[in-house]
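The structure appears below as structure tokens.
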Amino acid sequence: MTPHEFIKKWSNSKLKERSAAQEHFLDLCRILNEPTPAEVDPSGESYGFEVGATTTTGGRGFADVFKRDHFGWEYKGTHSNLDAAFAQLQRYAVALDNPPLLIVSDIGTTIRIHTNWTNSVSKKYVIPIVDLEDAEKRQWLKWAFSEPDLLRPKKTRQELTEEVAGEFAELAKSLRSRGHKPEEVAHFINRLVFCMFAEDVKLLPERMFTKMIERALDDPAEFEAFARTLFLAMKDGGRVGFEKVAWFNGGLFNDDLVFALTKDELKIIHRAAVQYWGDIDPSILGTLFERGLDPDKRSQLGAHYTDRDKIMMIINPVIVEPLTEEWEAAKGEIVGLLLKAEEAEMNAKAAGGRASSSRRGRATTARNEAQAVLDRYLQRLADYRVLDPACGSGNFLYLALRALKDLEHRAQVEAEALGLPRRFPSIGPEVVKGIEINPYAAELARVSVWVGEIQWMLKNGFAASMEPVLKPLETIECRDALIGPDGSEAEWPKADAIVGNPPFLGDRLMVGRLGEDESEAIRTVFAGRLPRSSDLVCYWFEKASAALGAHRTDRFGFVATNSIRGGSNRKSIEKAMSICPLATAWSDEEWMVDGAAVRVSLLCFARGNAPILLLNGRAVAVINADLTGDGIDLTKALKLSSNRGVCVHGSKKIGSFDIDGEEARHLLQSPVNPNGRPNSDVLAPLWNGADIVRRPGDRWIIDFGMEMKEADAAVFERPFALVVDRVKPDRLTNRNPVLVENWWLHGGPRPAMRNTLPFLTRSIATPALAKHRLFVFVPKPVLADSQLMVVLRDDDTTFGILHSWFHEIWSLRMGTSLEDRPRYTPTTTFETFPFPESLTPDVPTAAYADNPHAIAIAAAAARLNELRENWLNPPDLVRREPEVVPGFPDRVLPVDDKAAAILKKRTLTNLYNDRPAWLDNVHKALDAAVAAAYGWPADLSDDEILARLFALNQERAAAQKGD
DNA sequence: AATCCGACACGCT
DNA sequence: AGCGTGTCGGATT
């Protein structure tokens with residue numbers, strides 16, 4: 001069949017729906033050269049006619065034609081309403097697993113393809129039957145059959161929202177510059193956005209808002225009056241001119257606040273108003289308007305934007321999956337009861353008389369029971385409440401509401417297919433509860449939830465409720481979620497599930513950000529329940545797990561920074577785990593939000609015994625409190641006495657004691673001081689993390705040691721004067737009296753380090769925070785700054801063990817991180833690490849001088865160090881020059897500019913980023929030597945290494961108990 | 001007096 | 001102006 005023949009046959013066809021639809025569709029397959037349903041899928045389940053029709057009911061299917069993951073297709077008789085057909089298809093889309101395309105056709109005149117991707121803007125392709133000779137239009141249809149993705153609108157809803165709302169930042173700025181309060185500006189803009197949405201989804205009369213703006217453009221002075229009239233009409237329902245306006249409520253329109261606008265501002269609004277707002281993603285509105293607010297106030301708002309995927313990673317396990325399971329169980333029961341009813345009815349027909357009527361009665365009972373099972377499930381959904389106790393602009397609540405509505409809808413549609421009557425959706429915005437401290441964010445949350453409700457209704461083919469369009473959402477409260485007005489613990493409403501993204505604020509930043517009173521109030525209320533050094537998020541975990549313990553909720557899931565896994569924050573996880581299983585967790589996820597440089601963990605707890613534990617998307621037998629799950633709970637590793645006091649933090653200066661090389665050399669070459677001592681007594685090169693992993697920065701430090709008296713320090717004339725000048729003023733204002741009293745000394749004296757160093761030829765150091773876990777030797781006159789963790793040993797063997805994969809993997813697991821860069825924490829990493837037998841840090845180096853394992857490790861370590869040093873400073877690129885006074889390491893200088901440029905790139909971070917073969921080889925040799933010292937094979941898997949190290953840790957810890 | 005941390009902070013390209 | 005990657009000193013214990 002050719003397109004021409006098709007048009008001739010079908011154009012203006014008067015055939016009625018059922019009789020013609022299949023033939024029409026098959027003809028279409030022929031002109032498109034697409035296989036027919038019968039050719040592809042004889043079972044008709046994933047591609048067929050009347051999919052979803054059951055023999056039980058003999059009713060119609062969910063769609064006239066269905067192709068899984070492609071389309072649902074609905075026919076209507078010629079000239080009947082395609083919109084009605086589309087609405088019907090929308091209502092059943094969920095039962096068809098939401099095909100990406102919904103296609104409607106009236107056989108004789110038009111085929112319409114509606115896109116149905118959840119996260120893209122919707123698009124409509126209209127194909128008049130008479131245009132089927134047009135290859136492009138046929139191509140659209142062909143894509144629908146074979147590659148629906150090619151019809152996907154390029155723009156995501158987020159992009160659309162950013163685009164249409166982006167300009168409001170400009171408007172907000174402009175209004176603020178005229179002295180309006182940021183919150184009022186936000187409130188006003190919120191309204192404008194809602195009006196544009198309402199107009200585009202036809203909740204306001206056609207183009208009413210746009211026309212209002214257009215009129216005001218001609219006469220900006222009138223805008224205030226126009227807008228006030230409109231807002232007032234929306235507040236109570238009423239008229240603007242001749243046109244009726246629906247009643248909007250919900251707090252958004254409870255006053256008539258309007259600003260006078262300039263022509264330029266009106267132009268911005270007009271540009272936005274002519275866009276299509278029906279598909280906006282309310283979950284992104286929060287960020288956009290936050291951006292429009294005063295940038296300094298942004299972080300105080302706490303209304304951070306969580307992207308949809310992350311939210312669903314919590315909503316799915318906490319809300320959707322358990323309720324889906326409940327539905328599957330209920331559905332199974334319903335199917336069983338209906339089968340029973342059917343059987344009884346058949347028997348009734350076969351029998352007769354009294355037997356017949358009793359069987360008929362049994363059938364009715366079974367049917368009623370089936371209805372009751374359905375009603376119970378629907379009631380369960382209607383009663384289900386979700387709480388977000390830090391709801392911000394309402395993103396979690398918006399998606400939770402949609403999820404619950406989807407669940408209700410799916411149950412209704414599937415029950416209908418089984419032959420039970422279907423009712424109007426009953427779940428609305430009242431099922432989500434929120435607590436939010438910022439009034440503006442709380443209002444945005446209410447709007448988001450309502451926009452979500454209206455969008456859902458329209459997308460699924462229902463009319464939005466109109467009387468009023470918005471109802472006040474008292475379930476979203478504006479208050480503190482932790483502390484009540486009287487200073488006691490805040491109450492949370494009862495809810496079946498608790499979800500959210502509580503604010504992230506490190507414990508040390510709490511006082512600075514929340515104020516001393518607020519921080520103290522929180523810590524007092526939770527005293528004895530959580531350590532005072534818990535991050536702010538931990539209190540949300542604590543309250544939620546308490547709610548679960550008190551049977552006030554069944555499940556909860558939160559987003560936290562990934563630092564929840566370590567430090568004292570871990571206590572809050574441990575505490576929650578003691579009350580209920582941690583059922584689903586994601587330990588370390590990227591965070592894509594602008595300006596929020598964090599990585600996050602997601603944790604979902606559930607009542608009862610969760611049959612399957614999911615960690616990072618994989619089933620595991622256990623999830624440990626540090627969000628690992630490979631069977632070894634390394635959080636149980638203990639400190640070993642042999643390692644105590646060996647790994648210490650570098651000196652913490654607290655104040656600008658550091659000077660650059662030029663200044664230092666000037667001081668070094670100055671005449672001796674009145675006490676007869678040179679400045680070199682109180683000067684040292686300073687190394688920090690960056691000096692090790694990048695190029696050394698030639699920084700020096702003035703250091704009067706641990707306990708020099710002020711009067712003695714003052715005799716070092718120039719250095720002391722510099723400290724008086726640069727350090728003293730700040731130090732005198734410090735909160736810590738010790739730092740004030742000893743203002744000329746460093747803040748962290750590190751006696752262990754300073755007392756031990758004289759007995760060593762050098763020390764070993766690793767940057768506390770760096771991309772790669774590196775160890776280097778630090779020559780003696782160099783002072784290690786606080787960013788370096790210093791191991792007070794000078795032998796190659798210890799260096800080699802620390803730099804081996806055994807200790808590296810241990811440190812990666814036992815330490816913490818800043819985002820994705822590992823952090824070395826001596827107490828949990830070094831002090832728990834079981835060194836090979838008799839090579840432990842409490843053994844004097846001399847004691848293993850003849851130990852062949854120690855010698856082998858030392859040789860490999862020395863080789864590593866030598867090759868690395870040669871790569872960092874190749875003899876042809878550098879010249880070594882003695883320092884201006886004796887007692888300090890030679891200076892390493894580039895021979896010329898060209899060499900300098902090359903050397904700039906020669907850093908340890910870069911070296912380990914590339915990890916050339918030679919480096920890999922020396923590390924392999926080192927690992928082999930260390931493996932031999934443990935008496936282990938060289939090719940153990942990482943898990944096996946950790947398991948053995950952990951076993952060794954436990955063994956040694958048990959043995960030392962007697963000490 | 002020692003520890004750990006950063007809804008970060010800052011230098012580099 | 002974004003990317004790559006570690007400062008610094010406060011506050012807690």
query = Is C:dT12 paired to anything, Watson-Crick or G-U wobble with both distances less than 3.5 Å, and if yes, which nucleotide?
reply = B:dA2
ask   = A:N734 has a side chain; which of C:dC8, B:dA7, C:dG10 sits nearest to it?
value = C:dG10
query = How about A:F541 and A:Y539: are their ring centroids closer than 6.0 Å?
reply = no
key: Span that lies between the C1' atom of B:dC8 and that of B:dC4, in whole angstrom   = 15 Å
ask   = Do the two ring centres, one from A:F720 and one from A:W743, sit under 6.0 Å apart?
value = yes
query = What is the distance from CG of A:N569 to P of B:dC5, rounded to the nearest Å?
reply = 8 Å
ask   = When all nucleic acid strands are considered with a 4.0 Å heavy-atom cut-off, which category describes A:G655: base, sugar-phosphate, or nothing?
value = sugar-phosphate
task = Rounded to the nearest angstrom, tell me the gap between atom CZ in A:R695 and atom P in C:dG4.
result = 22 Å
task = Remember a base hit wins even if backbone is also touched, and classify A:D691 as base, sugar-phosphate or nothing at under 4.0 Å, heavy atoms.
result = nothing
message = Any base atoms under 4.0 Å from A:V738, or only sugar-phosphate, or nothing? Heavy atoms, all strands.
response = nothing
key: A:I564 CD1 to B:dA7 P, straight-line distance once rounded to whole Å   = 13 Å
request  = Using both distances under 3.5 Å as the test, list the Watson-Crick or G-U wobble partner of B:dA7, or none.
outcome  = none
query = B:dA7 phosphate, OP1 or OP2: any side-chain N/O from A:N501 under 4.0 angstrom?
reply = no
ask   = Should A:T827 be listed as having a side-chain N or O under 4.0 Å from OP1 or OP2 of B:dC4?
value = yes
key: Comparing A:Y824 and A:P502 on DNA chain B - which has the more 5′ nearest nucleotide   = A:Y824
task = Give a yes or no on whether the ring-centroid distance for A:F835 and A:F833 is below 6.0 angstrom.
result = yes
request  = Could you check A:R694 against A:S786 and say which one's nearest nucleotide on DNA chain C is further toward the 5' end?
outcome  = A:R694
request  = With A:K728 as the cation and A:W744 as the aromatic partner, state whether NZ or CZ is under 6.0 Å from the six-membered ring centre and within 45° of the axis.
outcome  = no
query = When rounded to the nearest Å, what value does the distance between C1' atoms of B:dG6 and B:dC10 take?
reply = 14 Å
message = Whole angstroms only, please: what is the CE-C1' distance between A:M510 and B:dC5?
response = 14 Å
ask   = Within the pair A:S533 and B:dC4, is there a side-chain N or O less than 4.0 Å away from OP1 or OP2?
value = no
task = Starting from the C-alpha separation in whole Å, work towards a yes-or-no answer on salt bridge (Lys or Arg N to Asp or Glu O under 4.0 Å) for A:D703 and A:R754.
result = CA-CA 12 Å; A:D703 178 14; A:R754 289 171 188 271; 3.0 Å; yes
request  = Could you check how far CG of A:D785 sits from C1' of C:dC8, rounded to whole Å?
outcome  = 8 Å
task = Would you indicate which nucleotide in C:dA11, B:dC8, C:dT5 comes nearest to any side-chain atom of A:K771?
result = C:dT5
task = Name the nucleic acid region contacted by A:R823, choosing base, sugar-phosphate or nothing; use a 4.0 angstrom heavy-atom cut-off, strictly under.
result = base
ask   = Quick one: does A:D535 reach the base of B:dA7 with a side-chain donor-acceptor pair under 3.5 Å?
value = no
N or O in side chain of A:R523 less than 4.0 angstrom from C:dT12 OP1/OP2 = yes
remark   = Of the candidates C:dT7, B:dA7, B:dT3, the side chain of A:R508 sits closest to B:dT3
message = Taking 4.0 Å as the cut-off, does a side-chain nitrogen or oxygen of A:H649 come that near to OP1 or OP2 on B:dT3?
response = yes
ask   = With a 3.5 Å cut-off and just heavy-atom distances, do the side chain of A:K652 and the base of B:dT3 make a donor-acceptor pair?
value = yes
Side chain of A:L818 (C-beta onward), nearest among C:dA11, B:dC4, B:dC8 = B:dC8
ask   = Is the distance between the ring centroids of A:Y824 and A:H807 under 6.0 Å?
value = yes
ask   = Between A:R644 (CZ) and B:dT3 (C1'), how many Å, whole number?
value = 16 Å
remark   = Rounded to whole Å, the CD-C1' distance (A:E819 to C:dG4) equals 10 Å
ask   = Distance from A:D730 atom CG to A:S656 atom OG, nearest 0.5 Å?
value = 6.5 Å
query = Quick one: which of C:dG10, B:dC4, B:dA7 gets closest to the side chain of A:T825?
reply = B:dC4
message = Heavy atoms only, 4.0 Å cut-off, all strands: where does A:P767 land among base, sugar-phosphate and nothing?
response = nothing
Distance, C1' atom - from B:dT3 to B:dA7, rounded to whole angstrom = 23 Å
key: A:S587 versus A:S601, side-chain donor and acceptor atoms under 3.5 Å   = no
message = For a quick check under 3.5 Å, do A:N873 and A:W871 share a side-chain donor-acceptor pair by atom type?
response = no
query = What nucleic acid atoms does A:P822 come within less than 4.0 Å of, heavy atoms only: base, sugar-phosphate, or nothing?
reply = nothing
task = Would you indicate, yes or no, if C:dG10 has its OP1 or OP2 atom less than 4.0 angstrom from a side-chain nitrogen or oxygen of A:N736?
result = no
remark   = The residue, A:K904 or A:A752, whose nearest nucleotide of DNA chain B is more 5′ is A:A752
request  = Report the nucleotide, chosen from C:dG9, B:dC4, C:dC8, that has the shortest atom-to-atom distance to any side-chain atom of A:I654.
outcome  = C:dG9
remark   = From CD1 of A:I522 across to P of C:dA11 the rounded distance in Å is 16 Å
message = Work out how far the P atom of C:dC8 is from that of B:dC12, and round it to whole angstrom.
response = 13 Å
remark   = Of the candidates C:dT7, B:dA1, C:dA11, the side chain of A:P749 sits closest to B:dA1
ask   = Base, sugar-phosphate alone, or nothing: which one does A:R699 contact when heavy atoms must sit under 4.0 Å apart?
value = sugar-phosphate
request  = With the side chain of A:R532 defined as its heavy atoms from C-beta on, choose the nearest nucleotide among C:dT13, B:dG6, B:dC4.
outcome  = C:dT13
ask   = Within the structure shown, what part of the strands sits under 4.0 Å from A:S568 by heavy-atom distance: base, sugar-phosphate, or nothing?
value = nothing
